[in-house]
Amino acid sequence: GNSVTQMEGPVTLSEEAFLTINCTYTATGYPSLFWYVQYPGEGLQLLLKATKADDKGSNKGFEATYRKETTSFHLEKGSVQVSDSAVYFCALLHYNQGGKLIFGQGTELSVKP
Amino acid sequence: GAVVSQHPSRVICKSGTSVKIECRSLDFQATTMFWYRQFPKKSLMLMATSNEGSKATYEQGVEKDKFLINHASLTLSTLTVTSAHPEDSSFYICSATGLGYNEQFFGPGTRLTVL
């Protein structure tokens with residue numbers, strides 16, 4: 001079945017460091033891929049998405065490219081800020097799942113000043 | 001953009017009572033709504049999927065008599081936790097999608113604490 005695997009956290013970085021959070025998926029066909037961010041005590045916010053192979057999603061300095069050959073959708077940011085501290089979830093949506101989102105386990109990011 | 005609200009944001013109740021949580025789509029018609037439960041430091045666990053006007057489809061292991069879901073209109077779904085117990089304490093999040101959308105829009109969540 002469809003699944004998503006994220007790198008384990010927590011990840012602790014200094015401000016202005018480079019961020020990579022790995023995400024790989026298992027699915028047949030062409031799912032849509034998402035990164036969501038959850039700040040403490042809040043719901044999920046869509047950070048970026050990509051709907052087909054080689055698409056690059058980007059938002060607020062974050063980027064992720066849909067790589068079908070490696071079944072990956074790694075999240076990157078060139079220079080993190082303290083305000084980026086949150087939990088990040090990779091997810092896929094495949095229509096053979098009735099529109100359900102399949103989430104990775106989440107990666108907690110802590111950015112220190 | 002598409003906005004989903006939840007009410008209440010926090011609720012504290014006594015063991016044995018029932019609690020209703022509302023999920024509303026504010027600016028679009030939500031043909032499908034999803035209810036999730038999130039434990040501390042954990043990912044979201046899908047509880048059920050509800051299509052407007054139909055009975056909800058529950059995930060394996062979720063008690064449908066315990067967690068009653070109603071989706072009577074295109075803008076409102078409710079989750080009622082019946083005879084709540086301390087182990088039902090959790091963060092409950094809803095999401096919604098509609099025709100023409102290829103993503104889910106999430107509500108801000110409801111923190112339920114059962115004493």
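To find a chain, count down the sequence lines: A is the first, B the second, and so on, and within it residues start at 1. All values reported here derive from a predicted model rather than from experimental measurement.
Between A:Leu93 and B:Asn102 the shortest heavy-atom distance is CD1-O, 4.0 Å. Between B:Phe91 and A:Glu42 the shortest heavy-atom distance is CE2-O, 3.4 Å.
A:Trp35 and A:Val11 fall within the same hydrophobic cluster, defined by Ile, Leu, Val, Met, Phe, Trp and Tyr side-chain heavy atoms under 4.5 Å apart, directly or through other members. Hydrophobic clustering (side-chain heavy atoms under 4.5 Å, transitive across Ile, Leu, Val, Met, Phe, Trp, Tyr) groups A:Val37 together with A:Phe62. Residues A:Leu46 and B:Tyr101 do not share a hydrophobic cluster, defined by chaining ILVMFWY side chains whose heavy atoms lie under 4.5 Å apart. Linking Ile, Leu, Val, Met, Phe, Trp and Tyr residues whenever their side-chain heavy atoms come within less than 4.5 Å places A:Phe103 and B:Ile93 in a single cluster. Note on A:Val111: it clusters hydrophobically with A:Leu47, by side-chain heavy-atom contacts below 4.5 Å among ILVMFWY residues.
Within a 6.0 Å radius of CG in B:Leu115, other residues, nucleotides and ligands contribute more than 12 heavy atoms. Heavy atoms of other residues, nucleotides or ligands lying less than 6.0 angstrom from CD of A:Glu15 number more than 12.
Heavy-atom distances place the side chain of B:Gln38, and not its backbone, under 4.5 Å from chain A. Of the two parts of A:Glu108, only the side chain, counted from C-beta on, holds a non-hydrogen atom closer than 4.5 Å to a non-hydrogen atom of chain B. Neither the backbone nor the side chain of B:Thr32 has a heavy atom closer than 4.5 Å to any heavy atom of chain A. With a 4.5 Å cut-off on non-hydrogen atoms, B:Tyr36 touches chain A through its side chain but not through its backbone.
Between B:Phe106 and A:Leu101 there is a side-chain heavy-atom pair separated by less than 4.5 Å.
Within the model, atoms CG of B:Leu44 and CD of A:Gln38 stand 6.5 Å from one another, a figure rounded to the nearest 0.5 Å.
Side-chain atoms of B:Ser43 do not come within 3.5 Å of backbone N or O of A:Gly106 as any donor-acceptor pair.
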